[in-house]
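Here the structure comes first, spelled out in structure tokens, and everything after it is commentary.
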Amino acid sequence: MKKLKFLTLIVITILSVSCEDSFLSPELKTGTSGDAFYSNDQELEAAVINIYDGLQGVNASKITSSNLNHATQVEFYLTEMRSDNTRTKSQEGEAAQFESFSIEATNGIVADYYRSFYDVIFRANVVLDNIDAASETAAGKIEGEAKFLRAYAYFNLVRLYGDVPLITKVIAPLDTETAFTRINSTEIYALIIEDLQTAIDNLDDSFKDRASKAAAQGLLAKVYLTLPTPNYAQAQLLCEEVLDPARGFELLSNYSDVFFSERNDEILFAIGYEQGDNNNSQNFSAEWLNSVGRTSGVNYATTDVVTALEEMGGERTQHTYRIDPFQPTENQAIKYLPNGESGGDNGRTFSSDAQAAGNDWIVLRYADVVLLHVESILGGGESTSNSNALTSFNSIRNRAGLPNDADGVITKEELLNERRVELAFENKRLFDLIRMGEAVNVLSEFATTNGYSFSSTDLLLPIPQREIGLSKGVLTQNPGY
């Protein structure tokens, strides 16, 4: 966060992962007793900030250790690179497993993300287990913020891994039954909905880089649309509450400003980073470029998405991808150029440290909710001519310099295409395809065209083999792995 430096908190639990211990119940490694520490609003506020610190993750370019959690900074591998949007440049190593749908249960990035988000859940549960120490005036906000972050973590986990362990309190290190028993996703979603409703009831819209009421409403709308039996009516109501002009959110006139003028009126929730600060910067902006980060380049735009952007992106296209200045046969995602710098003529020359970038990661923005509004009105059908849906749909097109929908009918395919070009490289494409029932068709065709092998079991990631080993047989694997 720009206003909240995630410095190491001496009095907060420092988490460690060893071969014997699960990250679901880490040991306290400081000289301060956790039981005695959380005794007032100030200390609980520090614990809330610690949740964001976990969500932010560690900059792998600056602080290296195989046991550290990288959280949001590796999310693009598990999402965008498992869609038809991006790939590696070299087709080598663990990273290439994502683009070719050949992920192994031993993949370190898959394990890192799983570990990272249970770390976030642990930190949230620490706050919630000690909520009784909060004053009457502060308790609601602290609880709402912790539950928003826990819900966000579980929403990502359940969409990526399917049934997962459900941990709602800090557990003992030897409680392997709770730590490793996979719970039906129906129960996971029930907790997510309950947590987000608590956040809605207790938060306002004061923050862009912390939980807010609008962010909770927008996220809950997406949850309702993702359920096995979607609740389209509730999703529509939530979207319309966020779209109310009185809330102060809007589409920026300049698409590029969404990403390089941070905490703007289009942002509902972003994970904050700080340029040049080893503890609080991010390295994914550098990794997406040609040998600027530690890799030769990942999350490169596929020919498929370039074609879509050129045909349907309008003014968004020039701000979404570019030809690699150093290797003109390749195309780069450019929404998160390090600290807003292009890298010069060769794409590699920066005045700031590109591997310690300060670009915030946008989790949810107004345009996403506008298109979710269309989706909720579509209601699982193939098309809609509803005037409210058309108003929302056309507002996105018009911002991109495109005319209104030509025939006054929005099809599911048109909506998927519009979400693709509006939200390209924002880790939405895979979830959109799954949610709208088109993932198997689209990804099967994409895989065949590119010489990959895809099956429906590839829609879920493997449960990390390391965790299965730690569970001593309690944790089971997903089909296909």
Side-chain angles (χ1 to χ4, degrees), residues 24 51-52 54-57 69 71-72 74-76 78-80 82-83 110 113-125 128 144-168 182-200 203 210-232 234-235 238-239 242 268-271 361-365 368-369 371-372 375-376 419 423 426-436 439 459-461 463 478:
L24 297 173
I51 310 173
Y52 290 102
L55 189 58
Q56 185 188 59
N69 300 328
T72 302
V74 297
E75 186 174 277
F76 68 89
L78 283 65
T79 53
E80 205 73 351
R82 289 170 62 224
S83 77
V110 171
Y113 193 85
Y114 186 92
R115 180 178 70 233
S116 294
F117 273 76
Y118 271 109
D119 176 14
V120 171
I121 290 165
F122 167 77
R123 296 179 191 216
N125 285 339
L128 295 169
E145 210 161 354
K147 287 191 171 181
F148 171 87
L149 295 168
R150 184 171 71 176
Y152 174 64
Y154 267 122
F155 190 37
N156 284 349
L157 287 169
V158 75
R159 288 184 295 173
L160 290 169
Y161 299 91
D163 298 347
V164 290
L166 182 60
I167 317 295
T168 59
R182 300 182 70 177
I183 303 300
N184 190 284
S185 59
T186 302
E187 293 186 45
I188 308 293
Y189 276 113
L191 178 75
I192 292 169
I193 292 169
E194 182 182 343
D195 278 359
L196 288 174
Q197 191 58 60
T198 299
I200 291 168
L203 300 177
R210 291 180 65 164
S212 69
K213 179 172 183 157
Q217 289 172 316
L219 189 61
L220 183 54
K222 190 171 287 189
V223 170
Y224 279 135
L225 292 172
T226 305
L227 293 173
T229 303
N231 189 330
Y232 296 110
Q234 283 298 317
L238 286 162
C239 288
V242 176
L268 273 67
F269 177 53
I271 297 168
W361 175 256
I362 301 170
V363 172
L364 186 65
R365 60 185 177 93
D368 191 354
V369 178
L371 292 173
L372 291 176
E375 186 178 336
S376 66
R419 285 190 63 84
L423 301 164
E426 297 180 47
N427 299 353
K428 304 292 190 291
R429 174 67 170 169
L430 177 67
F431 294 138
D432 289 349
L433 289 170
I434 294 172
R435 191 175 65 248
M436 298 180 73
L459 294 179
L460 289 180
L461 291 167
I463 299 297
N478 280 325

_Determine whether a donor-acceptor pair (N or O, by modelled atom type, separation under 3.5 Å) exists between the side chain of Tyr52 and the backbone of Leu149._
no

*Please name the pair of heavy atoms, one in Ala199 and one in Phe148, separated by the smallest distance, quoted to 0.1 Å.*
CB-CB, 3.9 Å

*asked:* Between Asp119 and Arg123 (salt bridge meaning N to carboxylate O under 4.0 Å), is one present in this structure?
replied: yes

*asked:* If I compare all heavy atoms of Leu460 with all of Gly162, which pair ends up nearest, and what's the gap?
replied: CD2-N, 3.5 Å

*Please report the closest heavy-atom contact between Lys428 and Glu426, naming both atoms and the distance.*
NZ-O, 3.0 Å

*Given side chains that start at C-beta, do those of Leu157 and Ile121 come closer than 4.5 Å, heavy atoms only?*
yes

*Which atoms form the tightest heavy-atom contact between Pro165 and Tyr114, and what is the distance?*
CD-OH, 3.5 Å

_Side chains of Arg182 and Asn478, heavy atoms from C-beta outward: is any pair under 4.5 Å?_
yes

*Would you say Thr72 and Leu55 make side-chain contact, with heavy atoms under 4.5 Å?*
yes

*Atom OH of Tyr154 and atom CD1 of Ile188: how far apart are they, to the nearest 0.5 Å?*
6.0 Å

_Using a 3.5 Å distance criterion without hydrogens, assess whether the side chain of Ser83 forms a donor-acceptor pair with backbone atoms of Leu430._
no

*asked:* Does any part of the side chain of Val369, heavy atoms only, come nearer than 4.5 Å to the side chain of Leu364, both counted from C-beta?
replied: yes

*asked:* Can you tell me how far apart CD1 (Ile200) and NZ (Lys213) are? Round to the nearest 0.5 Å.
replied: 7.5 Å

*Mind checking the OH-CZ spacing from Tyr152 to Phe269? Nearest 0.5 Å is all I need.*
7.0 Å

Give the table of side-chain donor-acceptor pairs shorter than 3.5 Å for residues 217-229, with sequence neighbours excluded, one pair per line with atom names and distance.
from, atom 1, to, atom 2, distance (Å)
Gln217, OE1, Arg247, NH1, 3.0
Gln217, OE1, Arg247, NH2, 2.8
Gln217, NE2, Glu241, OE1, 2.7
Lys222, NZ, Asp368, OD2, 2.7
Thr226, OG1, Lys222, O, 2.6

*N/O donor-acceptor pair under 3.5 Å between Asp163 side chain and Ser185 backbone*: yes

*To the nearest 0.5 Å, tell me how far Glu194 CD sits from Lys147 NZ.*
5.5 Å

*Any side-chain heavy atom of Arg150 sitting closer than 4.5 Å to one from Thr168?*
yes

*Flag the pair Val110 / Tyr161 as yes when at least one side-chain heavy-atom distance between them is below 4.5 Å, and no otherwise.*
yes

_Side-chain touch Glu145/Ile51, heavy atoms, less than 4.5 angstrom_ = no

*Judged by atom type as modelled, is there a donor-acceptor pair below 3.5 Å linking the side chain of Arg82 to the main-chain atoms of Leu459?*
yes

*Would you confirm whether the ring centroid of Phe122 sits within less than 6.0 angstrom of the ring centroid of Tyr118?*
no

*Say you draw a straight line from CD1 of Ile193 to OG1 of Thr198; how long is it, rounded to the nearest 0.5 Å?*
12.0 Å

*Sequence neighbours excluded, which residues qualify as side-chain contact (heavy atoms from CB on, under 4.5 Å) partners of Thr79?*
Glu75, Leu160, Asn427, Phe431

*Residues in side-chain contact (heavy atoms from CB on, under 4.5 Å) with Ser212, at least two apart?*
Asp205, Ala214, Ala215

*Gly54 and Val120: which non-hydrogen atoms are nearest, and at how many Å?*
C-CG2, 3.7 Å

*Determine the minimum heavy-atom distance between Asn69 and Ser116, stating which atoms define it.*
CB-OG, 3.2 Å

_Could you tell me if the side chain of Arg435 sits less than 4.5 Å from the side chain of Leu372, heavy atoms only?_
yes

